[in-house]
Amino acid sequence: MKYWLMKNEPEDYSIDDLKNDKTEPWDGIRNYQVRNMIRDDMKKGDHAFFYHSNCETPGIYGLMEICKESYPDHTAFNKKAKHYDKKSNPEAPTWLMVDVKFKRKLKKVISLTELKSHKKLSNMKVVQRGNRLSITEVSKQDWLYILSLEK
DNA sequence: GCCAACGTTGGC
DNA sequence: GCCAACGTTGGC
């Protein structure tokens with residue numbers, strides 16, 4: 001079982017949207033590193049943090065679970081979709097997505113500022129300068145440590 | 001809204 | 001295959 005941190009802009013889709021929808025395809029991944037990760041390493045039942053990026057308080061807002069392993073991201077073929085990719089061929093899809101299931105919101109938001117203030121978490125990708133991957137793996141140790149900050 | 005960091009594109 | 005130009009991400 002692995003643990004992940006998945007970023008999204010709340011303006012686009014937030015933890016509250018996921019709470020309403022229960023499950024949702026995590027589409028729009030257009031980065032090869034991230035695609036390879038979800039294709040090769042992400043399994044049904046893995047746990048993930050829902051991270052809000054590009055907003056007033058970037059940070060971890062909730063917990064979710066991977067409920068469907070990677071499959072073609074059809075939004076890549078939709079000219080009207082935000083992340084349409086004209087080079088992607090439906091016969092051999094370049095881009096993949098997984099489905100996520102809402103678990104719960106955190107009792108309190110663990111902001112990026114707070115994450116950065118903990119030396120123990122300095123190995124996390126999300127606190128490192130210049131990190132632009134929208135999905136990163138979180139160690140079990142860090143996962144548990146972050147959950148302990150919720151209290 | 002600015003801009004640093006980094007990925008991608010494409011000319012050569 | 002190099003690398004400059006360009007686009008995107010995302011914190012601030």
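By convention in this document, chain letters (A, B, ...) are assigned in the order of the sequence lines, proteins followed by strands, and residues within each chain are numbered from 1.
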May I have the distance from [X] (atom [atom1]) to [N] (atom [atom2]), rounded to whole angstrom?
X: A:Asp12; N: C:dT8; atom1: CG; atom2: C1'; answer: 14 Å
X: A:Leu133; N: B:dC6; atom1: CG; atom2: P; answer: 10 Å
X: A:Asn8; N: C:dG10; atom1: CG; atom2: P; answer: 9 Å
X: A:Glu56; N: B:dG1; atom1: CD; atom2: C1'; answer: 15 Å
X: A:Asn131; N: B:dC6; atom1: CG; atom2: C1'; answer: 10 Å
X: A:Met124; N: C:dG11; atom1: CE; atom2: P; answer: 13 Å
X: A:Leu112; N: C:dT9; atom1: CG; atom2: C1'; answer: 14 Å
X: A:Asp85; N: C:dG7; atom1: CG; atom2: C1'; answer: 14 Å

Please tell me if [X] has a side-chain N or O lying less than 4.0 Å from either OP1 or OP2 of [N].
X: A:Lys7; N: C:dG10; result: yes
X: A:Lys82; N: C:dT8; result: no
X: A:Tyr51; N: C:dT9; result: no

Which nucleotide in the set [options] lies at the smallest distance from any side-chain heavy atom of [X]?
X: A:Tyr32; options: B:dA4, C:dG10, B:dT8; result: B:dT8
X: A:Arg132; options: C:dC12, C:dG7, B:dT8; result: C:dG7
X: A:Arg129; options: B:dG7, C:dG11, B:dA4; result: B:dA4

Along DNA chain C (nearest heavy atom to each residue), the more 5'-positioned of A:His83 and A:Thr113: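 Nearest-nucleotide comparison on DNA chain C picks A:His83.
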
5′-ward residue of the pair A:Asn54/A:Arg30 relative to DNA chain B: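 First, find each residue's nearest nucleotide; the 5'-ward one identifies A:Asn54.
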
Test item: side-chain donor near acceptor, A:Asp16 and A:Tyr61, under 3.5 Å: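 Absent: no donor and acceptor within the cut-off.
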
Worked verdict on A:Trp95 versus A:Tyr71 for ring-ring contact (aromatic ring centres under 6.0 Å, His included): CA-CA 8 Å; A:Trp95 302 116; A:Tyr71 61 104; over 10 Å; no

Within-4.5 Å side-chain heavy-atom neighbours: A:Leu147 and A:Leu106: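 Yes, close enough: below the 4.5 Å cut-off.
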
Transitive ILVMFWY side-chain link A:Ile110 to A:Met64, under 4.5 Å: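 Cluster IDs for A:Ile110 and A:Met64 differ.
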
Contacts of type ring pair (Phe, Tyr, Trp, His ring centres under 6.0 Å), residue A:Tyr145, not counting sequence neighbours: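 Once residues adjacent in sequence are excluded, the partners of A:Tyr145 under the ring pair (Phe, Tyr, Trp, His ring centres under 6.0 Å) criterion are A:His118.
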
